[in-house]
Amino acid sequence: MDLNLSGRHALVCGASEGIGRAAARELALLGASVTLLARRAEVLAEVAATLPATASGQSHRWLAVDLADPAALQACVEALVAKGPVHILINNTGGPPGGRAIDAGAGAYLDAFQRHLLANQLLAQAVVPGMRAAGWGRIVNVVSTSVKEPIPNLGVSNAIRGAVASWAKTLSRELGADGITVNNVLPGYTRTGRLQQILADRSAASGKDEAAVAAGMLATVPAGRFADPAEIAAAIAFLASPAAGYVNGVSLAVDGGRMQSI
């Protein structure tokens, strides 16, 4: 199986922690040069320093920018691609706050739309010309199982994640002939800051302690445990690899079998 990413350049969003950080490490292990993108410069510098270099000419860098600031994001990414093409784009950012869809204000939807779909669109428009010139590209979006089965009390997230999945499917059909694939990874319950937020929210809403909430969540997972970020990252890295060249437009659940739909 060809997983070699030597000579490829990956841009990984939300790379300061959790799934993004784990994905950056997996791509680096496969030989890619990685640019980390998130808000906290000091954390990104630390992460970049820990990434392995396994191939000749491999180097890693970082960009500190907020996905909610389109002007700053565009300037940063345009400066990046001016130095050389991005062959792999990993769209990943933290999910919106929990709560019922009916209770969320318009601002909550607009903010989530900017951070997820519009930021993804801006990044794709910036990197796709370089992918087209290379005749090779990978766009992988870290989304949520909610695109197949909406998750209770995550109303804004359910709505926006569905929009991102439809955007990605459309893009996969538009870019496939250029040698560019567009796919989604749908993480299940994963040990990240987002999971801690969900546990705290559900604990506050139910009056149960977080251990009891976690046990109730795990009761729905056939694997009987939460995922490690590295397990989600492995799926991301596969979809970014040469081996996945004919996998296009899919939403791949990595959820321990939790979803009941096919």
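From a predicted model like this one, the values you see are computed outputs, not experimental measurements.
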Could you measure the distance from the [atom1] atom of [X] to the [atom2] atom of [Y]? Nearest 0.5 Å is fine.
X	Y	atom1	atom2	value
I19	I236	CD1	CD1	6.5 Å
S166	L171	OG	CG	12.0 Å
L118	I160	CG	CD1	9.0 Å
L67	T93	CG	OG1	5.0 Å
D255	R258	CG	CZ	6.0 Å
L11	L89	CG	CG	5.5 Å

* To do: Could you walk me through whether N153 and R100 pass side-chain contact (heavy atoms from CB on, under 4.5 Å), step by step?
  => CA-CA 5 Å; N153 209 45; R100 300 194 309 166; 4.0 Å; yes

Check whether [X] and [Y] end up in the same hydrophobic cluster, where Ile, Leu, Val, Met, Phe, Trp and Tyr are linked by side-chain heavy atoms less than 4.5 Å apart.
X	Y	answer
V65	L117	yes
V34	V127	no
M1	L239	yes
F113	L123	yes

Side chain to side chain contact (heavy atoms under 4.5 Å, CB included) against [X], all qualifying residues, sequence neighbours excluded:
X	answer
P70	Q114, L122
A48	L36, W62
Q125	Q121
D2	N4, P242

* Structure fact -> Tracing side-chain contacts under 4.5 Å among Ile, Leu, Val, Met, Phe, Trp and Tyr outward from L199 reaches I151, L154, Y189, L195, I198, V213, M217, L218, V221, F226

* Asked: Under the 4.5 Å side-chain heavy-atom rule for ILVMFWY, direct or indirect, which residues accompany I102?
  -> none

* Which is it for Q58 and S6 under the side-chain contact (heavy atoms from CB on, under 4.5 Å) test, yes or no, and what are the steps along the way? -> CA-CA 8 Å; Q58 190 178 9; S6 298; over 6 Å; no

* Structure fact -> In short, salt bridge (charged side-chain N to carboxylate O under 4.0 Å, His left out) pairs touching residues 52-73 with sequence neighbours left out are D66-R115

* Tell me the salt bridge (charged side-chain N to carboxylate O under 4.0 Å, His left out) pairs involving residues 201-224, sequence neighbours left out? -> none

Does the side chain of [Y] come within less than 4.5 Å of [X]'s, by heavy atoms?
X	Y	answer
V164	N120	yes
V254	V185	yes
P85	M131	no
N248	I180	no
V247	T181	no
V142	I90	yes

Where at least one partner belongs to [range], residue pairs that pass side-chain hydrogen bond (donor to acceptor under 3.5 Å, both in side chains), sequence neighbours excluded:
range	result
residues 11-33	S16-R40
residues 216-245	R225-E231
residues 127-141	N91-N141, R132-D178, N141-N184

Is the side chain of [X] donor-acceptor paired with the backbone N or O of [Y] at a distance under 3.5 Å, no angle test?
X	Y	result
N183	V140	no
T50	V47	yes
E149	Q260	yes
H116	V143	no
N92	C13	yes
H87	G137	no
S172	K169	yes

* Mind listing the closest non-hydrogen atom pair of L27 and A10 along with its distance? => CD1-CB, 3.9 Å

* To do: I would like to know whether L186 and S144 meet side-chain contact (heavy atoms from CB on, under 4.5 Å); could you show each step before the answer?
  => CA-CA 4 Å; L186 315 181; S144 167; 5.8 Å; no

Identify every side-chain donor-acceptor pair in residues 74-82 under 3.5 Å, counting partners at least two apart or on other chains, and give the distances.
from, atom 1, to, atom 2, distance (Å)
Q74, NE2, E78, OE2, 3.0

* Are a donor atom and an acceptor atom from the side chains of T35 and H60 found within less than 3.5 Å of each other? -> no

* Report, as yes or no, whether the 6.0 Å neighbourhood of atom CZ on R39 holds more than 12 heavy atoms from other residues, nucleotides or ligands. => no

